[in-house]
Amino acid sequence: MKWQPAPSKMVRLFEVTMQSLPEAAKRKMFGYPAAFANGHMFAGLHQDSFVLRLSPSDCAAFLRLPDSKPFDPMPGRTMGDYVLVPQALLNAEGDILVWLEKTFAYAASLPPKKPKAKGAR
């Protein structure tokens, strides 16, 4: 299965949204824009979707929102704590910022990830 690049509209939305968290590290993950705190990815794009990583309790609350879904990058491979943001939430900029603050706080609360040694896989 070949993944499609994120639409330029989504990339722009991600960039604008991430301006609210200047302390977040931004880089690409699997070719998609992503944001990190303490070395942990907390937000990013995957194909035409905006993805957030939430604490277990916030994840459960988020999944009760209309049209929200767990992040399943490959069929049968659901990534725990990661959710797909419904389009309606993306259209309401203030609402996404509330969840973005929660996801950043969660990633920042995790122990820092140690960088991998160069060449290690």
Side-chain angles (χ1 to χ4, degrees):
M1 168 182 357
K2 183 163 171 52
W3 289 341
Q4 301 300 311
S8 57
K9 178 181 173 183
M10 287 295 287
V11 172
R12 280 191 303 278
L13 174 66
F14 184 81
E15 290 168 352
V16 168
T17 305
M18 295 288 42
Q19 289 176 0
S20 69
L21 294 169
E23 61 275 31
K26 289 115 182 150
R27 64 178 189 262
K28 296 222 176 198
M29 181 78 140
F30 302 114
Y32 296 103
F36 297 79
N38 277 345
H40 298 277
M41 186 178 117
F42 67 87
L45 298 181
H46 180 260
Q47 300 192 87
D48 62 349
S49 298
F50 201 116
V51 180
L52 299 177
R53 180 182 188 189
L54 296 164
S55 70
S57 60
D58 284 339
C59 189
F62 190 90
L63 289 172
R64 288 191 292 272
L65 296 174
D67 300 321
S68 64
K69 296 185 246 185
F71 178 47
D72 193 6
M74 293 175 273
R77 299 274 179 121
T78 301
M79 291 182 65
D81 297 346
Y82 287 87
V83 294
L84 296 176
V85 179
Q87 191 61 47
L89 193 59
L90 292 175
N91 294 340
E93 186 178 312
D95 292 342
I96 188 64
L97 295 179
V98 169
W99 288 102
L100 200 58
E101 288 174 15
K102 290 179 185 217
T103 188
F104 177 76
Y106 175 59
S109 75
L110 298 172
K113 244 185 180 181
K114 293 183 181 176
K116 291 182 182 179
K118 290 214 180 244
R121 287 203 166 207

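Note that OG1 of Thr103 and CE of Met41 are 8.5 Å apart. Values are rounded to the nearest 0.5 Å. In this structure, the separation between CG on Leu89 and CG on Leu84 is 12.0 Å, given to the nearest 0.5 Å. In this structure, His40 NE2 and Asp81 CG are separated by 11.5 Å, a value rounded to the nearest 0.5 Å. Of the inter-residue distances, the one linking Leu45 atom CG with Met10 atom CE reads 5.0 Å to the nearest 0.5 angstrom.
Listed here is the closest heavy atom pair of Val85 and Phe62: CA-CZ, 3.9 Å. Shown here for Pro66 and Pro86, the closest heavy-atom pair between the two residues is O-CG, 3.5 Å. Smallest separation of non-hydrogen atoms from Leu63 and Lys69: CD2-C, 3.5 Å.
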Let me check something: any side-chain donor-acceptor pairs from residues 20-31 under 3.5 Å, sequence neighbours excluded? List them with distances.
unit_1	atom_1	unit_2	atom_2	d
Ser20	OG	Thr17	O	2.9
Lys26	NZ	Leu21	O	3.1
Lys26	NZ	Ala24	O	3.2

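Residues Pro111 and Asn38 form no side-chain contact, since every pair of their non-hydrogen atoms from C-beta on lies 4.5 Å or further apart. A 4.5 Å side-chain heavy-atom check between Leu52 and Ile96 finds at least one atom pair inside the cut-off. Between Leu65 and Trp99, some side-chain heavy-atom pair lies under the 4.5 Å cut-off. Between Val83 and Val51, every side-chain heavy-atom pair lies at or beyond the 4.5 Å cut-off. Here the side chains of Pro33 and Val11 are in contact, with some heavy-atom distance below 4.5 Å. Using a 4.5 Å cut-off on side-chain heavy atoms (C-beta onward), Phe14 and Tyr32 make no contact. Residues Val98 and Lys102 form a side-chain contact, since some pair of their non-hydrogen atoms from C-beta on lies under 4.5 Å apart. Residues Phe42 and Leu100 have side chains in contact (heavy-atom distance under 4.5 Å, counting atoms from C-beta outward).
Under the 3.5 Å distance criterion, the side-chain polar atoms of Gln4 are left unmatched by any main-chain donor or acceptor of Gln47. Side chain of Ser55 to main chain of Tyr106: no donor-acceptor pair is present (N/O by atom type, distance under 3.5 Å, no hydrogens or angles).
Connection of Leu97 to Leu54 is established within a shared hydrophobic cluster, with ILVMFWY side chains joined at heavy-atom distances below 4.5 Å, either directly or through further cluster members.
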